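These numbers come from the heavy atoms of this one structure, side chains and all, not from hydrogens, waters or symmetry mates. Chain letters run A, B, ... following the sequence lines, proteins first and then strands; every chain starts at 1. Predicted model only: the values in this text are computed from it and were never measured.
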2 protein chains.
Amino acid sequence: MNSPQQKNWQSVHDEVLRRIHTREWKPGDQIPKEVELAEQLGCARATVNRALRELASEGFLDRRRKAGTRVAAHPVRRAKLDIPVIRLEIEGRGQKYAYGLLFSERRTPPPEICANLCVTADSDMLHITSLHLADGKPFMFEDRWVSVAATPAILEADLDEISANEWLVLHAPYTRGDIYFSAVNATEAEARILRTDPGTSLFLMERTTWENETGITSARLLFAPGYRKHSAI
Amino acid sequence: MNSPQQKNWQSVHDEVLRRIHTREWKPGDQIPKEVELAEQLGCARATVNRALRELASEGFLDRRRKAGTRVAAHPVRRAKLDIPVIRLEIEGRGQKYAYGLLFSERRTPPPEICANLCVTADSDMLHITSLHLADGKPFMFEDRWVSVAATPAILEADLDEISANEWLVLHAPYTRGDIYFSAVNATEAEARILRTDPGTSLFLMERTTWENETGITSARLLFAPGYRKHSAI
DNA sequence: AAAGATAATATGTGCGTACATATTATTTCT
DNA sequence: AGAAATAATATGTACGCACATATTATCTTT
């Protein structure tokens with residue numbers, strides 16, 4: 001009972017996914033080779049290839065040359081996480097965005113920043129702290145170090161008008177970055193800035209970005225109580 | 001000064017990315033059409049198409065039929081987040097995994113679970129709480145509701161031996177899911193289970209998964225202090 | 001001039017072929 | 001028997017062509 005002609009890769013994708021979901025093909029099972037599937041489904045190998053490639057990148061299949069394709073034994077699901085500019089995230093919630101520069105100083109970095117960005121202790125850096133507000137209420141506190149050597153133009157940026165977050169996105173593209181999510185108790189100072197109580201649990205995002213092997217910036221983004229980061233899978 | 005022959009889509013991908021990074025093509029700019037790029041780079045349109053499609057899915061480009069391709073104005077970077085089975089996450093850190101079922105009861109769900117999964121208040125559900133340990137220390141506390149109607153086989157699972165987390169991954173594939181990350185202060189009970197102090201800031205992951213329109217399971221995963229979730233971009 | 005029909009166009013995708021590449025299986029050699 | 005060379009094979013990808021589709025631009029019609 002061959003399935004009716006599946007002429008596009010989407011339908012092949014869905015059909016294969018259906019067989020995985022119905023456990024016709026179980027985790028660890030080897031599935032038919034591309035040419036067989038193509039014949040079975042009445043389409044070209046290229047079409048099957050496209051569908052299977054997509055499914056592999058989604059984590060449903062493991063593929064290896066010569067060894068063939070099998071259903072992923074331990075489906076490591078890959079959630080997609082959008083990392084927008086803070087302004088857009090707030091405006092996307094239908095709230096009014098505001099921003100205030102708290103502090104900006106050109107100086108040498110503390111040890112933990114050196115370690116993060118792999119820079120020397122005498123590097124020329126810009127240290128910026130700022131507060132992002134949603135509907136007038138503190139939303140996120142940003143504590144950022146930017147390498148002046150890697151991004152000299154940052155010195156000309158008017159950081160009272162545009163946040164370092166947004167300026168960097170527009171002017172300093174990066175090739176890779178790390179993000180860490182965690183939870184911390186608010187310190188006295190942090191609580192004061194975010195207008196909450198010391199000890200309150202806060203969502204923390206730590207980001208470091210790189211242009212090839214050059215560290216660009218390292219930021220500590222501390223969100224006001226109640227913040228939830230969503231992701232779909 | 002055309003670039004030397006770029007015969008594979010990876011090199012086209014990298015070359016386009018280079019032009020974006022060097023701001024030869026700036027955010028918002030329209031880039032040459034596929035046929036032009038193909039000619040310029042000395043390869044087939046299909047090859048360019050593959051590269052640009054990839055770049056669009058990575059968030060660097062916006063593409064629309066007839067309108068052409070342009071550099072994304074607000075590069076919403078998409079971080080990829082791996083959601084493995086807890087056991088593999090712990091073993092991946094080189095730690096010894098252990099697991100204990102705390103509690104298991106078949107009953108009707110409380111209102112918040114009904115809302116999450118879109119089920120009625122008289123649904124047949126399984127409520128499971130368990131503790132995952134790394135090197136003998138509490139690592140994550142799992143509080144999960146599973147729909148018996150959607151996954152009757154769960155009743156036969158030996159949840160003392162295999163965690164609901166892992167059983168579900170292997171036996172109840174889902175079509176979509178939501179994940180929320182946040183930070184909460186430990187309650188008395190949670191602090192006792194995770195062997196920490198009440199009020200300690202804890203990283204919380206709330207997951208709900210669906211098979212088509214049927215809610216499968218909703219889980220609240222509370223991590224021990226110090227946990228950081230990593231993601232690359 | 002506004003509305004609706006029509007043409008033009010860039011991307012989206014399918015197909016068949018050819019060859020590349022990684023990996024496994026087999027054979028040959030010592 | 002064990003190691004090394006060789007063959008076989010499934011996926012990976014490049015190419016050229018054709019046509020589909022969405023969207024914009026243009027031309028009619030009223």
Taking side chain as C-beta onward, heavy atoms only, is Phe223(A) less than 4.5 Å from Leu204(A)?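 Phe223(A) vs Leu204(A): side chains apart.
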
With heavy-atom distances below 4.5 Å as the criterion, would you say the side chains of Arg220(A) and Arg144(A) are in contact?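 Counting from C-beta outward, Arg220(A) and Arg144(A) never come under 4.5 Å.
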
Tell me which nucleotide among [options] gets nearest to the side chain of [X].
X	options	result
Ala46(A)	dG16(C), dT11(C), dG12(D)	dG16(C)
Ala44(B)	dC15(C), dT13(C), dC15(D)	dC15(D)
Arg50(B)	dT21(D), dT13(C), dT13(D)	dT13(D)
Lys66(B)	dA8(C), dT13(C), dT11(D)	dA8(C)
Arg65(A)	dT11(C), dT24(D), dA22(C)	dA22(C)
Lys33(A)	dC15(D), dT13(C), dT11(D)	dT11(D)

Of Arg45(A) and Arg45(B), whose closest DNA chain C nucleotide lies nearer the 5' terminus?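 Going by which nucleotide is closer to the 5' end, it is Arg45(B).
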
Of Gln30(B) and Asn49(B), the one whose closest DNA chain C nucleotide lies more 5':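 Nearest nucleotide further toward 5': that of Gln30(B).
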
Find the distance [X]:[atom1] to [N]:[atom2] and express it as a whole number of Å.
X	N	atom1	atom2	result
Trp9(B)	dC15(D)	CH2	P	14 Å
Gln10(A)	dA20(D)	CD	P	18 Å
Glu36(B)	dT9(C)	CD	C1'	12 Å
Leu61(A)	dG12(D)	CG	P	10 Å
Asp62(B)	dA10(C)	CG	P	18 Å
Ile31(A)	dT11(D)	CD1	C1'	12 Å
Leu37(A)	dT11(D)	CG	C1'	13 Å
Arg70(B)	dA10(C)	CZ	P	13 Å

Looking only at heavy atoms, what is the nearest atom pair of Thr129(B) and Leu101(B), with distance?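 Smallest interatomic distance, heavy atoms only, reads O-CD1, 3.7 Å.
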
Taking only side-chain nitrogens and oxygens of Thr47(A), does any of them come within less than 4.0 Å of OP1 or OP2 of dT13(C)?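 For Thr47(A), the contact criterion (side-chain N or O under 4.0 Å from OP1 or OP2 of dT13(C)) is not met.
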
By nearest nucleotide on DNA chain D, pick out whichever of Arg53(A) and Ala67(A) is the more 5' one.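 Here Ala67(A) is the residue nearer the 5' end.
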
Specify the residue among Thr69(A) and Arg64(B) whose closest nucleotide of DNA chain D lies further upstream toward the 5′ end.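 It is Thr69(A) whose nearest nucleotide is closer to the 5' end.
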
In Å and rounded to the nearest 0.5 Å, what is the CE to CZ distance from Met205(A) to Arg228(B)?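 If I round to the nearest 0.5 Å, the distance is 13.0 Å.
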
Between Glu213(B) and Arg176(B), does any NZ, NE, NH1 or NH2 come within less than 4.0 Å of an OD or OE carboxylate oxygen?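 Salt bridge between Arg176(B) and Glu213(B), a charged N being under 4.0 Å from a carboxylate O: yes.
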
